[in-house]
**Q** 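I am attaching a structure below and will ask some questions about it afterwards.
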Amino acid sequence: MGGATILAEQPLAPAGRNLPLAHELMPAAITAADPSGIARAARLLMAGELVAFPTETVYGLGADAANPEAVRRIFAAKGRPADHPLIVHVAAAADLAYWARDVPLGAARLAAQFWPGPLTLILPRSGHADDAVTGGQDSVGVRVPAHPVALALLHAFRAVGGHGIAAPSANRFGHVSPTTARHVADDLGDAVAMIVDGGPTRVGIESTIVAFTSPQPTLLRPGGLAVAAIEAVLGAPLALPDATAPRASGTLASHYAPHTAAQLVPAQNLLAEIDLLVDRDETVAVLARTVARPRDFDGAWIAAVDDAEGYARMLYASLRELDAARADAILIEDVPAHAEWLAVRDRLARATHG
Ligand code: TXA
Ligand code: MG
């Protein structure tokens with residue numbers, strides 16, 4: 001396969017040349033996907049190719065969920081261990097019955113309330129959910145993404161006979177998830193047939209994952225949908241995973257990590273910590289939230305917003321930008337312990353592990 005095509009409304013090559021070279025396809029003029037591009041993406045998926053696409057959370061690296069060979073290419077492209085299960089993205093809650101069986105009432109209620117949306121349900125798998133998708137587990141993860149381009153693609157895929165698109169986040173395994181088409185091209189540009197561009201993602205961190213595979217619904221990963229909203233619909237608290245809970249790769253201690261070593265620092269220690277490193281002749285890149293940039297600081301500095309939603313939206317792009325500064329260390333000002341920040345805290349803990 002050649003380099004990735006980023007769908008653009010503008011012509012990709014100057015007039016008079018039929019085929020642009022792969023590197024000319026890379027970013028330049030990225031605009032929203034048009035209907036013919038989406039139709040082409042659906043056909044590529046049906047032919048077993050990998051297509052990256054936007055969701056409201058992060059970009060996904062998609063393959064036909066019913067084609068084990070195509071699904072295996074996802075693992076090869078990401079460098080992800082084959083026993084890590086993938087989420088099947090579907091066009092509507094009605095498609096749940098194709099991939100899952102024995103859907104409990106609580107799960108059906110959550111689907112009705114929150115889909116399309118940043119919620120993944122883990123349910124007992126049907127005969128259609130192959131080991132390649134489930135990582136050999138008896139359960140399958142399903143969600144309906146709330147993004148017009150993702151939904152258009154899922155409907156176009158259904159129109160050509162598809163049932164669902166298996167897609168992990170479209171980053172190299174363990175790296176920061178992509179929130180723009182450019183991020184996908186940076187990580188996986190050579191490995192995908194197409195990157196459908198839907199602009200920067202709205203939520204910015206991955207979906208909340210709830211498993212219905214044990215007597216009590218269990219939170220496997222905090223994410224874009226608040227736990228309190230889920231518990232309000234269920235009328236009961238979510239359990240936290242124990243040793244018997246299904247594996248979730250986003251739950252590895254070190255994940256979502258920039259290449260540069262990153263550490264979390266309480267606000268009141270941030271300036272002292274910077275001084276300490278600078279005195280040791282180390283360069284520092286900073287993700288601050290409430291602390292103002294000192295006048296004499298000449299490294300990379302990002303001032304993040306101080307609300308949890310806005311912070312989540314910018315988090316991965318910020319980590320990539322700070323990483324690109326090639327500093328010796330990334331310092332991240334700690335965030336509040338409040339429940340609103342749960343998913344962000346989870347990502348920061350993993351990004352700064354080890
Ligand atoms: O927001 C999201 O969830 C994004 C977008 C693209 O939809 N996807 C995403 O996929 O974050 P990924 O593969 O990076 O993370 C999916 C998580 C993994 O931790 C995986 O282990 C877990 O979902 N998962 C999927 N199926 C599962 C299953 N049957 N049992 C337990 N965990 C499962
Ligand atoms: Mg991921």
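Counting starts at 1 for both ligands and their atoms, following the listed order.
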**Q** Under the side chain to side chain donor-acceptor pair (under 3.5 Å) test, which residues partner D334, sequence neighbours left out?
**A** none

**Q** Evaluate salt bridge (charged side-chain N to carboxylate O under 4.0 Å, His left out) for R320 paired with D187, printing each intermediate quantity in order.
**A** CA-CA 11 Å; R320 280 176 186 258; D187 267 29; 3.3 Å; yes

**Q** Tell me whether T134 has any N or O atom under 3.5 angstrom from an N or O of ligand 1.
**A** no

**Q** Identify, with sequence neighbours excluded, every residue that meets side chain to side chain contact (heavy atoms under 4.5 Å, CB included) alongside D275.
**A** none

**Q** List ligand 1 atoms under 4.0 Å from S139, heavy atoms only on the residue side.
**A** 28 (C), 29 (N), 30 (N)

**Q** Taking 2.8 Å as the cut-off, does an N/O/S atom of S169 lie below it from the Mg ion (ligand 2)?
**A** yes

**Q** Knowing that exactly one of T134, T213, D130 qualifies, which makes a side-chain hydrogen bond (donor to acceptor under 3.5 Å, both in side chains) with R125?
**A** T134

**Q** With heavy atoms of I209 as the reference, note each atom of ligand 1 found under 4.0 Å away.
**A** 17 (C), 22 (C), 23 (O)

**Q** Flag this pair as yes if the NZ/CZ of R289 is under 6.0 angstrom from the six-membered ring centre of W341 and inside a 45 degree cone about the axis; otherwise no.
**A** yes

**Q** Looking only at non-hydrogen atoms, find the nearest pair between H175 and D323 and report the distance.
**A** NE2-OD2, 4.1 Å

**Q** Go through ligand 1 atom by atom and flag the ones less than 4.0 Å from a non-hydrogen atom of Q137.
**A** 30 (N)

**Q** Does an N or O from S169, backbone or side chain, lie closer than 3.5 Å to an N or O of ligand 1?
**A** yes

**Q** What atoms in ligand 1 come closer than 4.0 Å to a heavy atom of T57?
**A** 1 (O), 2 (C), 4 (C), 5 (C)

**Q** Can you find an N or O of H84 that's nearer than 3.5 Å to an N or O of ligand 1?
**A** no

**Q** Centroid separation under 6.0 Å, is that true for the rings of H84 and F173?
**A** yes

**Q** Test salt bridge (charged side-chain N to carboxylate O under 4.0 Å, His left out) on R347 and E206; report intermediate values, then the result.
**A** CA-CA 10 Å; R347 302 309 187 274; E206 300 81 354; 2.8 Å; yes

**Q** List every atom of ligand 1 that sits less than 4.0 Å from any heavy atom of V140, numbering the atoms from 1 in the order shown and giving each element.
**A** 29 (N)

**Q** Pull out every atom of ligand 1 sitting under 4.0 Å from any heavy atom of H89, numbered as shown with elements.
**A** 5 (C), 6 (C), 7 (O)

**Q** If you count the non-hydrogen atoms of other residues, nucleotides and ligands that lie under 6.0 Å from CD in E273, is the total more than 12?
**A** yes

**Q** Heavy atom to atom 26 (N) of ligand 1, shortest distance: which of S207, G60, P85 holds it?
**A** P85

**Q** Which ligand 1 atoms are under 4.0 Å away from a heavy-atom of R80?
**A** 12 (P), 13 (O), 14 (O)

**Q** Does ligand 1 have a heavy atom under 4.0 Å from the side chain of L86, from its backbone, from both, or from neither?
**A** backbone

**Q** Polar contacts were defined as any N/O atom of the residue lying under 3.5 Å from an N/O atom of the ligand; does this apply to E206 and ligand 1?
**A** no

